[in-house]
Every structure is written in C-alpha cells, then in structure tokens.
Amino acid sequence: MSKRKVKDQQLTVGQCVCQVHRILRERFCFQKLPSAPVGLESQHKHLLELLKRTAIHGESNSVLIVGPRGAGKTMLLKSVLNELLDVKEVKSNILLVQLNGLLQTDDRIALKEITRQLNLENVVGDKVFGSFAENLAFLLEALKKGDRSSSRPVLFTLDEFDLFTHHKNQTLLYNLFDISQSAQTPVAVVGLTCRVDVLELLEKRVKSRFSHRQIQALSPMDFPQYVELVQQQLSLPQEFPDGRFAHEWNNSVKALCEDKSVEDVLRKHFNLSKDFRSLHMLLFLALSCVTPSNPTIKPSLLLEASRLCTMDCKANMLHGLSILELCLIIAMKHLNDHYQDEPFNFEMVYNEFKKFLQRKSHSVHSFEKPVVIKAFEHLQQLELIRPVDGSASRTQKEYQLMKLLLDHTQVMEALQRYPQCPTDVKQWATSAFG
Amino acid sequence: MPDQLEHLPRLTHLLPCREAQIKTLLLLLGEPEHYSYPSIFIYGHRASGKSHVTLTLLKELKMPHVVVNCVECVSLGLLFEHVLLSLFGSSHTSLPRGPSLSDFVRLYRQLCSEDPAKQTRYIVLDHAELLRDMSANLLPGFLRLQELVEDNVTVIFLSEIVWDKFRPNTGCFEPLLLHFPDYSKVELQQILAQDSCPSYSPELYSSYISILLGVFYSVCRDLRELRHLAALNFPKFCEPLEKGEAKESDAHKLWRNIEPHLKKAMQTVYLREVSSVQWEEQQQKEEKEVGELRGLSAYTHVELPYYSKFLLIAAYLASYNPARTDRRFFLKNHGRIKKTNFLKKHEKTSNHLLGPKPFPLDRLLAIFYSVVDSRVAPTASIFSQISSLVTLQLLTQVGHDDQLDSPKYKCAVSLGFVRAIASDDLHQHALRWTADHRTLHLRHHPVGSHPTSCCLWVRCGPRAAVWEPVCVQRRGIPRQPPALDQPQLCVDCAPAWHWLR
Amino acid sequence: KIHDFHNLQINQFYLSHKCVHCSSASGHFVFFIIYATRSLIIQIHQFILQEDLNKKMLDGLLEFVKKSAASFWCRDDDWMSRMRASEIPTAALVLGVNMPDHTITFESMTELLHDSLTPFVASVQAKECTAMKQLMQKVLQRLMGTNVMVDEDECHLCMSVCVCHLQKSPVKSPRKRLSSSQSEFLQSPPVVVIFRDLEAFSPQVLQDFILVCSQYVHQLPLVFIFGIATSPSTIQRMLPHSVSSLLCIELFQSLSCTQHLATIIDKLFLTSKFHFKFSAKVLQVLVGIFLYHDFSVCNFIKGLQLSLLEHFHSQPLSVLCCHKQEALVHAQQLNDRDGCVMKSQTSLLHHPQGVCQKLLKSLHKYHKNFYPALRCLHVLTSILPKYPLGKQIRELYVLCLEKKVWETQEYDSAMQLIRMLAKDELVTCLQKCVEILTFCKSKKLKKVGEGSAENRPVPPSEGNTLEVDHHALLLHPFCVPAKYTLYASTIKCINHLHHPYSSFNYSFQTLLEMKECRRTRRKTPYEILRNAVVDYIDNLVKTHLYPPESQPLYEVWYYSSSGTVRRHLNATPRTSIQTALSHPYCYLQNEALKNDSGIISSAAPDICIIYKLHLECGRLINLYDWLEAYATVATAAEGKDPSAIEGGKVDELKHARFIRAVSELEFLGFVKSTKQKTDHVARLTWGGC
C-alpha cells in the first residue's frame, strides 16, 4: 500500500491486473507484433532486402517461407511488411494483395479477391475473359494505366501456399510466377507454407518458373534463449502506466523463470516443440489465472497450465464410459491381441464378453443383447471404434467390421485410473487369454 | 474494476456440480473487452453439460455471442448467414448464392469495420464434429478466424469427440482444449434429486434415485437417459404408497417393489422398445395383464409372398453356408463325401460370427429351385421379387461394379427371422391347390437350421445350378443336359432380364 | 383422380381401336361396349377408393395425432409429460410388403389429416430426398406452402424459419372444415411429417433430420409417421439408439393383405350385381399371382381390368354383359340383326333361335341363387376339421366353378362331417345361413328367409333342446317349395318331440345323456332333425350350385382365356427369348423354319443359327471355329455346297453378318468376352459339356 502512495500515477491492483491482461492477451491471443522480431533476425533482413528491391527498384521476385506451424512465419512477414511500409516512397508506390489458401479455395474466388484488393471492380465491370491469364493480364494492365507510365509493383502474399497447389492445374500459381519471370510488371510473390516438400507439389511448368528461393523460418534456439524468450514474452513494456507494478511484475517473472520446477516444465515444452503458438498457449493458460486476488504469476500456475496442455484426451473420455462399455473395450483389446489387429464385428465382441461372464464375473452381471448393442453404438459415436469400410452402412449392425482406435497401453492405463473399477474386470483385462 | 470470479457463486448455483469447469471457463474468457484465445475446444461425454454451461455463462455475462448447431446447417450458406445475422443484426449486404469461406470472411470484415467489437464476440459451434465433413477448409478457417478477420472474436467448439480426430493431416492452428468430465455417481444423485415430484417429499425421491442408479449406473451414465427413466418409473415406485401398503419410511419394501420393475425397464424403455406412453399406460394396468407388453422387435414377423419366402430362405442358406457344401444338401445323389473334411470345424461356429457372405445370383437361384420343389418358371416377377427384397432391405446388393453380368447379394436377416418365415403355416394365405406339404417339408428341411451349399455348379458351369437341382428333384436324373423344349429351366441369362426390365 | 381418368382414356383408345377390327360385333355396338367397359371400370375404381381398405388403422392414427398434439399443450402443467418433453411422438404404420398399394393409403391418410386436423402435413418419399438438404427443402415447402420460395434462397432452409412461420401464420386453409370440437387445434395444429417408405431412406439422412427436429420439439407440436413395409424392428435397425431415444413410437398395423384379397373377391365376384365373372382358371391365375408374387391389390385390380377389356373386345356377345333391361334390349337387336353370332356360341347349340331373352333371364336368376347358396355351403363347411372344401370361400368358389361340386369326394366327406356336427355349432351355422338367405336378392330364397324370420319370435321356453327344434322350424320353410314330404315328416317329428318333454323332462344338456339316449332309441330327434337339415342343404347345393358352363349363354359373363392373362401379367421374357432363338417359327411364320427336329435350318436368321451353334460349345467358345461353322451353314443356305469355301476364306459379307449376330447375342447376355483368351468368348448360359 505504502509504495503506491509514492507513485506518480496510481492504479488499484485490479486496474493493474486488468492492464496486464489487456497487454499480454493481445500478445498471446491476437499475436500482436513484438517491437523487434524474435529469433528470426537473419531471415527478416533477407526478406526485407528482397521486397525492397521489388518495391523500389521494381524487379520481380518470388520466394517461399517454409517452416513448421507456429514458427512465426506470418509474424515474420507481417513485421517485414510493417517495416517496408514505413519507407515513404514504398508506401505510396507498392500495391499489396494478400491471399490465403484457406479462403481462396479455387482460382475463380482468388481472382475475385485480387480484383477486390486492387479495387478494380469498377474497371472490370462485367467483362468476360477467355482465360484466366487474360483476366490477370487485364488487371495488371489496368494498374499500369494508372497515373504513371511505369506500372506500380504488386506484392502477392500467399498464406497456406500448399493449398494453392491443389487448384485446378495450378493456374493462379502458374500465371503469378510467369509474370514474375517476364519483366513487364514488377511482381513479388511470397508464399508461406509449413510443408517442406511443397516444391514436389508444383507442376513442372510452374516449378520451372519459380525462382527456387526459400527462407527457412527455423530459429536456431537453444534452451537458455527459449527461457529468455519466455521471460521477454511475459514481461511488461516500459510504457506500462503503473511503473512500480510493472517493475514488481517483471521481477516476479524473472523469479519465475529461474524457478527449478518451472524450468523443468519449460524444458519439457522446449523438447516437444519450440514454436511460439504452443508457448503462447501455455503462457496464456498461466496468465488467465492471474486475478486481483493473486496479482502475480506463480510457478504453481505455470505447472497447472502445462498439466492442462499435456492432458491425454482419450484417457479422459475413457473415464466417462460405463462399466459395460469398458468391458466391451477390453473384449476388443483381447480380440486384437488374438488376431493381430484384424477388424472385428459386434458378434465377436459380444462372444468374448459372454465368455468372460461365464468364466468369472461376480461384479458384472449379464445384459440383454440389445443393451450391449446400444453400448457398442455409443463407443462408435465416440469414435473409439471405427467401421472399416464406410460403404458398409447397408450391412447389419452386428456384422459391420470395426477397428479399435485405442492401443493396448492406452486401454491399460485408462483401466488403472478408472474410478472404482471392479477387480475381476481388471484381472480379465490383464489376463493373457481372452 | 470487476473480477470475473464474482459471478462464480451465482453460476454455480445455476449449474450444479460444474464449479471447476465454470471457473476455468470464466478465467479463459476474461474481461469482455479483452482478447480471448482464438479458438477453444470443449469436449466431454453427452449430457455432461458442455453446451448448457457455455450458453448459460455467455447469457449470464451478457456477452455478444451466436450459437450454431452444426447438425442443422445443411449448407455452408446457412451457417454463415446464421452467424452474421445474429452477430451484426440484419446483414443488408447478404451473401452470394453458395457462398465460400472467403465471402464470409470478407463480409465479416466489412460488417465489423462498420461496428468494431467493443467486447469479445463468441461463436459457439455445437456438434463441431460435423464441420469436418462439410468442407475441408472450414474447420481450419474457423480455428484461426480471429486472425483472418482481425476482430476480437473467439470460436468455441463443442463436441463429444476428442480433438485428435479433428486435426487435418497437414496440421492446423491448435485450439485450447478443455475437458468436461462426466458426472460422478454422487453428482448424478444430487442433480437428479433436484427435479423431485411435487407431490412427494424430496427425501423419498432421492432415495428412489439412488435405487435407480444402483440398477442403471453400470450401463448408462447419460444424465438425459437417467432422468427419462427416473420420470417414467417413479409412479410405479409410489404405487405402494398410493395403495397405502407401505410408508415412505420402509425403504426395503419399496425397493423390493421397484427393483424387478426396473430390470424390465432396462430391456424395454431404455431401448425404446416400448414407447414411454405405452410404458405409463401399462403401469396403470393391474399386474396380471402386464405380461402382454411386447417391444417393437417382438414384431419381427413379415408377411411375404410365397416365392419371396423361399427366395429369402435360399438367400440365407447361400450366404451362411460355404459353397462347397451345397452339393451335399441339395443333391439327392451326391457322391461319397468324407465326413472329415465336409465342414471344417471352425466353419460350424464362425459362420454366425462372421456374418453373411455375398453370393452370386446363380447360386441363389440354384438353391431356390432346389428348395421350392415345384417347377417354377423364371418369370419376370420372380426376379422383380429379388429386387424388391433388396428395396425392403431383406437382401442387400453388394459389389456395384458388375451389375449386368453377375450381381452379388447378401442376406440381411437373422436366423430367427428365417426360422419364423420357414415355419409359419401357409394355410392362411396359400391357396388350396398349393401343395402345403412344401412348408412342412421345408420346416423339417435339414438346411433350415444348418450350413449347406452348391458345388455342382462348380462342376459344370454356373447355370447348371439353375436347372440341375430341379431335374434332380423332378426326375432324379442328374447331369442330364436340358432339352431345348423346356428352356425356362435350363437357361438363366441375367443380363437379358436386366435388359428386358 | 387423374390416373384413373388417364386409365379410361387408354381403355377407350384400346377398345375403339380393337373394335374396328372386331368383325362380329357390328359397328354401333362399339360405342356401347366402350361405354359399358368404362362404366364397369369406374365401378371398380369407385369400389377401390370408397372401400378404403384399412379404415380402422387410419382412425387410430387420427386419434394418435390428436392426442399427441393435445399433450403438447398440456405439457407444462403435467409433471410426467414435462419430464418426457423431449420426445417426438411417432406413429409406425406397418403396411405390408405390397408397395404399390401404399400410395392409395397415404393419399387417403393425407386427405384425412388435412381435412380434419391440420393444414401442416408434409409427406415425403425416399427417392425425392437423397440428402439432408433435399429432405429439408421438401418438408418445409410442403409445410409452409409453395408461396414461400424455399428452394431459391437456401438460407430459408432451416427449421427455425419454419417455426416462426408456422407460429405467426394464422391457420387458414381453403379446404379446412374444422368442427368446434377441434377448435383447440386452431391456434396451433400439429405439424405432421410422413415418411412414406422408411426402408428406402438413407439412415444418415433420417438421423440428421430427427436430430434437427428434436431441437424444435419444444416450439412445434411435431408428429412423425413412418410408413414401414416389413416390420417395426427396422426402426431399430436403421437408427442408432441415441437417435431412436428421441422418438416415442406407437405401432399401427394394417390388415393382412390376404384379408384385403378376401374382401375384394367377396365384393367383386361373389355378387350378382357385378356382371363380369372369371372362369376358374383365370381366377386361379390372378389369385396365384397375388399370393405367390406380389401381395398387391392394385395389380390384382389391374388384372381384372385387363381381362375385362379382353373380354369385351374378344367376345361378341359381351354386349349382353350388363344390366338386365339393357341386356334384353341388346339381345333383341342381336336377334333380328345377326343371329349367326348367337349360333356361333357353343352353349347355344341345343337351343332354338330367338330364345335369347329367356336364357338371359335364367342366367340372371341363376346367379342370384348361386351366391347365397355358395355362402351357405361355405358357412357350413368352413368350420369342419381339415377344411375338406377349403377354408377360404374363394377356394370353394373355384371348386364350384370347375365342376359339379357334389360329385367330388371332398364334398361327400364334408357332408359326412356335417352329419356329425355338435348341436350348438350347427345351430350357429344355421343362424348364419338364415341371415344370408334373408338378405339375398333372389325371390325364392328370400321367401325362405322371411319364412324363417317370422318364425323367430318363438320363445325357446324349454332351454336348449327347444332351440334345436325351434331352428328346425326355422328350416322348414326352406323345404316348402321343394318337398312337402320332408315338411310333413319334420312336422311329425316335432309333435313327436313335444310330448316326451312334458311327460319326463328330457334334456340334451350333456353328452352323457346324449349317449344314454342313443342307447334308448336308435336316432335321437336331434339327429333326425340334423339329417333333415343336411339333406336340405344338400338339395340346396344340387339345385343351385351348377357350374356356370352348364348354363346357356354363360360366355356372356364369363371370361375364360387364362393364357392371355398369364401372358400379360406374368410374362417369362427369358423363355420367350429362348423359344424365339431356338424355334424362330413361333414368331416369324415362315414355313421354311417349320421343323421340330434339332437340326439347324439354314433359312433361320443369323442370330438363331449362331445361337444354335453356340449351344453345342462348352464354357469357352473359339470365335474362329464358330465363324467357320456359321459360314458352312450360311453357304448351305445359298445353295452352294459348303465345301466350296476353301479353308479360312470367308467372304466379308458373311463375316460381317457373323460379327453382328455375335454382338447381338452378347447384347442379349448369352456370351461375353473374356480376359483369359482374346479370341474366345465365354458362355453365360449353361449348356452341354
């Protein structure tokens, strides 16, 4: 309390926490760009150079940014673009077209989108074009007929680049790359993809027109840097209204990162993947538990968060099953053990189950067949078992061939953690013979 | 500033036994005006309160949200329209016909540029598993919607299926996973006890509930089902009290009264064999006529035309018996067959485990002709009967490739069904001049109950089967090529009749 | 009914077309014949429509819908139904496998619901909704009426729209005649969705639809109706329990189709009102098709109509097949125009010219007596063990049509059995008979009936025994016209019966006493009476149940060419192809082809030759050998000697013809090319090996 009195600008704890949430949530959820790119400095420089050349000197280019999901490709591109647009003559000059493989699922849509982003709808009006190429050419022509004789450079960014390769004979890609080859209009094509083998997806004619320039968005990070990154991500900026609180917060973060248990958690995550997304998720989970009542981020929170992140869904679902359903799963497991993962049908499973009932069961009493079928169906709904061939809907339920989508170990440990599981069922599961 | 946890007590009162989940959810959603995680994936068993909790939360906190039940969205357009309408009110610039995701995003951006989000917008997609087979790019699109539309929006997916089944093979934006565990027995007890019948004391009802759970818990933990069952059987439970035979205190008596009843309910109401209305009516009745309550599956008997019956029986034999054994069963003078390799011993058992096997039309006809021991001309109506059996789904057609030449069928009815057909007397609807001994003969037919099949068509070409058993039956002369003057028995040209139909 | 009208059109065409060539019936009868046929056909249609075959079921259904709608409204206050609120009431109609007939049923059902209960009825078929989308479209269109353009704007395609539509729309429907009793439905009538053929629906679609509907079950009083052909357990088979748990299924079973058949035969054939009869053979064919192949009443009626048309255009005397008066008029005309027609009829050989009217009258009378007698006989025989004369009346009918029934030994055995009938059985039967006779048209038998009727009031004072002779009394008037002797004798026996009771009150109550009395005297009065009765029945049969062939002019009413009917209704395409190929003479009347021996006549068309040749081959046929064989035959046809063709030199023409013939054969499905050997084709039909 006494501290805050001295502060020039005072905020209650609540307000501070609120501020913290605002800033950090923007960072973690909305992917607010950091002031300086993290980990990918070299790539950043390279890309910037490339685009500058297009923007200013008007020479065409094409480049692919390849990297695993959440490695910060988009972030990289965005930051580069920001920087690029800060340059004055570029800003006035360059045209930006941003496409996404998820949205523009075929070339017609893509073309419409391009037209829209170049706001040429009125120019195009209701002209009909023979081919895609003509149409695109017309668009670029239209640009040229703008104010100046020399046409303005256009920058195409294709997110989810690999999806564009699925379009019908890759017309869009072909034309873009073709233009980037011929020197008529300065065009830069930047593709972002998480597929390393993306070049194999390109047709020959397309491939040949692509300047095989690739940027690997892989940060050569080691663990210390990772921890550093974590700290940086969590800490508050200087311009935080309540400097004192910010200071405390940052200290607490510092302390957090030095904590032993936290380090273990982080190492685990680091070994899993060192991408930003998963890290953000982790931190976000931790952050979400920060409330005015406990205004600092503690190791315990982080541990809890990581527990949430690395939870086995299937095991969770298995807990919810009834005894009967569990028995069926065990029966399936036995069938799998017997006939090396051959598909099975309900009749077989029921047969196994009955054998078990006859042999030794005091806890589980026998059920009518329809009741068991109902349980079986429920398992199928949960997609714990899957019909082998989709077309087999016409055959009788009992005889449809199924596959169990759990492996031996999953079943066993689920069984161990199953609340008050009867012992004889456990024995049955462990027993070698069906 | 307010702390979202202040809502907690109120909400927990509304939603019993879900405190932990509510807490986490509240924390994740955070302040209305802050950003929240782009996509949250909530999974858990049916009736574990996923959608209920989420919706009450959003309603109580008065957050701008839209709930879409994916089952209902037969088309993408429907989905998009629904979302836009309820997020931005009436969308004057409506979607184009057959809109794509990009149209949706464009329109969304446009609309939200007109009124930018002051609070986080929530899109709740119930039964999210159906998104998978709507369109390949739909799910990844929604997962990173926040990024695509650059608006403060969060998509919440609800599903019974674990996230692993959703992830496309090239990966996608990973949502935040949140698990709703099923209710424990105690919790179920607590929840069910809440909707107690006004006319009785809650204690009684809760004791009743515990009995109910004792019976059903090992089979089903679905809250909805249990509630249904509880409601249906409660009157029966109260019966002794009504009659004044028992007081609320003597629980044991009540238990003895209700327990067998519940057992019965497990086979009837629980499976919807008997509709709830019937079940109630039947509880009003006295004990004596309780017996005559039959479930739906009790009515298996189907009234079929004479030849259809035999066709169906033939189909059953054909698909449950190895083809080797036909000869033994359908030929009067089959040669010596060694008992040893007649039926491999696994066949005896496994045939009914493995289910029906497909068989060609010829074999069906062969067995048909040998089972019906009158001379049946292959009229068009015989074949139309086969196809109508298929439409009735008593037979199923398999292998759609070579329709014209040799269509293959499977028998889709159980042994019990066929038995019923084989043994119901044709007196009532066969004419006087149909030799009734056929049915009798069939009833004691060795093949009626166990495996058989036809190898003479292995011996001398498929169509042999069509006529030969008949010859055998008629004149007892095997392997005599058909004379041309009685072609209707000797030739069976499937393509021809397909063409003629 | 559009299709009926259409039918008529066709028939008219058919008839007028045929009748032009119809030599015997002179021109202006044609129009009459058309008229007559049409009237008859219309008669049949009306019968089918008004005799709606499962009235009971429909009423039950109506009740069900009303009930569920009502429960929807009282849901909130009743604890039970609130607990159950999430279920959709569903009626499962088990209609039997005769698909063609279902249309009529569903039409009438929709009519019924629409008129009496609710304007919101949507009935869908499987074939028109293969996907969820179509199903939704269809249902919503039919619920909201076509004024809402569902199909063009697909975003109207969800229940929610439907909900608000139905709720805001005031119930106004032109054809709505709601009585005040149903006024409570006015503010919200139930919404009925009919799935005509459940089996054919794709389970997935059905599941989705049900799931969607269950979302709205609280806003809308939904009711489903499943039309099931096989058995209710198909619901379980198609829907997983998670879905079927959303339904509250009620079962409705229609009559078995054999009962339908019985009603139809009863209404259409066993009556003298309908002047068109079948001979035994034809009836057997039709009934056979019904029982053996399809349980379809519609098809049966179609057969009936077909034979009707055939009859009218093949049988010149069919002009007389109409009501008595008309018939007499026509007969007159026939007489003075062309008696030769009459002469030509076999049944008239022994009759002089111009007695036609008389004969016609007698024919009518014969039928009037025939059917009541038949029914009486059936009543008596259908209770006998092992049914010597058949259980169903149609069997007896066919028997009587075929021959003199009393000459068969079944009849004798039946009579034997009747003579052993226990008292009460006999009495009930006789009562039935009396009813039949009272309500029958025939004067003579009517008299009998009345006679029995006025005797009825006699109070059975001395218990059971008196009832017997009371019935004996009932029976005497039968005999009045026939035999006085029997009458007298029975009178005697009555008196003789009467006084012993007064002296020692004697009773037939128990079998024991029966026995004992049998010891006392040889025949008990009951037995005497019984014999009398049986004799009377026997006499009844002998007088009235002559087979129709015995009647002159029976061709006028009876249609007897069973072959035609069979050919039209139960065709054997394969057989005909076979015969066409093996005996081309049957189809193209060419004397050159007329040879019964197996040898291949070279005059036959190519395909026949090819076919015959291929019959001799095995599973695989070498094309080249085949060609050569063919060439030999063909050259023989040209008169050259086959040896003229030197090895392997077949001229192009023959080669081409061969190829064509083979391809034709392949098209018919006798051969097909094989993967194994390129120059061979495989036989699809089985032959000598």
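Note: hydrogens, waters and symmetry copies are ignored here, and every other heavy atom, side chains too, is used. Throughout, protein chains are lettered first and strands after them, A, B, ... in sequence-line order, and every chain is numbered starting at 1.
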#### Entry: A:R22 portion near chain B, given a 4.5 angstrom heavy-atom threshold
both

### Message
Could you check whether B:K263 pairs with A:E368 (Lys NZ or Arg NE/NH1/NH2 to Asp/Glu carboxylate O, under 4.0 Å)?
### Response
no

### Message
So for A:F367, is it side chain, backbone, both, or neither that comes closer than 4.5 Å to the heavy atoms of chain B?
### Response
side chain

### Task
Output yes when a side-chain donor or acceptor of A:S322 lies under 3.5 Å from a complementary backbone atom of B:C220, and no otherwise.
no

### Query
Any donor-acceptor pair under 3.5 Å linking the side chain of A:R25 with the backbone of B:Y35?
yes

### Query
Side chains of B:H34 and A:C29: does their closest heavy-atom pair fall under 4.5 Å?
no

### Message
Let me confirm one number: the SG-CZ distance from A:C313 to B:F166, rounded to the nearest 0.5 Å.
### Response
11.0 Å

### Query
Under a 4.5 Å heavy-atom cut-off, does chain B meet the side chain of A:T74, its backbone, both or neither?
side chain

### Query
Are any of the side-chain heavy atoms of A:F284 and B:L28 separated by less than 4.5 Å?
yes

### Side chain proximity check, A:R386 to B:K165, heavy atoms < 4.5 angstrom
no

### Query
Pick from A:V290, A:V372, A:L285: which one has the most heavy-atom pairs with chain B under 4.5 Å?
A:L285

### Message
Can you tell me which portion of A:L405 sits under 4.5 Å from chain B's heavy atoms? Options are side chain, backbone, both or neither.
### Response
side chain

### Task
Could you tell me whether A:E325 and B:R221 make a salt bridge, using a distance below 4.0 angstrom between a side-chain N and a carboxylate O?
no

## Note on the structure
Among A:N100, A:D106, A:V371, the residue with the most heavy-atom pairs under 4.5 Å to chain B is A:V371

### Task
Examine whether an atom of B:P175 lies under 4.5 Å from a heavy atom of chain A, and if so say whether it belongs to the side chain, the backbone or both; otherwise answer neither.
backbone

### Expected output: side-chain B:H45 to main-chain A:M317 donor-acceptor under 3.5 Å
yes

### Query
Between A:H378, A:R116, A:H280, which residue shows the highest count of heavy-atom pairs closer than 4.5 Å to chain B?
A:R116

### Message
Check this for me, if you would: do A:E113 and B:R109 make a salt bridge, where the nitrogen-to-carboxylate-oxygen distance has to be below 4.0 angstrom?
### Response
no

### Query
Hey, is A:E383 close enough to B:R132 for a salt bridge, meaning N to O under 4.0 Å?
yes

### Message
Given heavy-atom pairs under 4.5 angstrom as the criterion, report whether the side chain, backbone, both or neither of A:R277 touches chain B.
### Response
both

### Query
Say you draw a straight line from CG of A:N345 to CG of B:L354; how long is it, rounded to the nearest 0.5 Å?
7.0 Å

### Query
Between atom OG of B:S100 and atom NZ of A:K112, what is the distance when rounded to the nearest 0.5 Å?
6.5 Å

### Message
If you define the side chain from C-beta out and look only at heavy atoms, does anything of B:E129 sit under 4.5 Å from A:Q381?
### Response
no

### Task
Among the options A:E347, A:Q420, A:R69, pick out the one with the most heavy-atom pairs lying under 4.5 Å from chain B.
A:R69

### Query
About how many Å separate CZ of B:F173 and CE of A:M281, when rounded to the nearest 0.5 Å?
6.5 Å

### Message
Just to be sure I understand the criterion: a residue of residues 177-188 of chain B counts if one of its heavy atoms is under 4.5 Å from a heavy atom of chain A. Which ones qualify?
### Response
B:L177, B:H179, B:D182

### Query
Would A:K78 and B:E147 satisfy salt bridge (Lys or Arg N to Asp or Glu O under 4.0 Å), going step by step from the backbone distance to the final call?
CA-CA 12 Å; A:K78 273 190 183 159; B:E147 177 183 330; 5.3 Å; no

### Message
Looking only at heavy atoms and a cut-off of under 4.5 Å, which of B:R106, B:E174, B:K410 has the most pairs with chain A?
### Response
B:R106

#### Entry: Pairs of heavy atoms under 4.5 Å with chain A: top-ranked of B:D164, B:N137, B:L101, B:D222
B:N137

### Task
Find out whether A:N316 and B:Y43 are in side-chain contact, i.e. whether some heavy atom of one side chain is under 4.5 Å from a heavy atom of the other.
yes

### Task
State the SG-CG distance between A:C289 and B:L27, to the nearest 0.5 angstrom.
5.5 Å

### Task
Tell me, for B:T154 versus chain A, whether the close heavy atoms (under 4.5 Å) come from the side chain, the backbone, both or neither.
neither

### Query
Any idea which of B:P38, B:P140, B:G171 has the most non-hydrogen atom pairs under 4.5 angstrom with chain A?
B:G171

#### Entry: Pick from B:V105, B:L148, B:T170 with the largest number of heavy-atom pairs that fall under 4.5 Å of chain A
B:T170

### Query
Distance from B:S159 atom OG to A:L382 atom CG, nearest 0.5 Å?
9.0 Å

### Query
With a 4.5 Å limit on heavy-atom distance, are the side chains of A:I323 and B:Y217 in contact?
no

### Query
By a 4.5 Å heavy-atom criterion (distance strictly below it), what part of A:K374 contacts chain B: side chain, backbone, both, or neither?
side chain

#### Entry: Over 12 non-hydrogen atoms of neighbours within 6.0 angstrom of NZ in B:K23
no

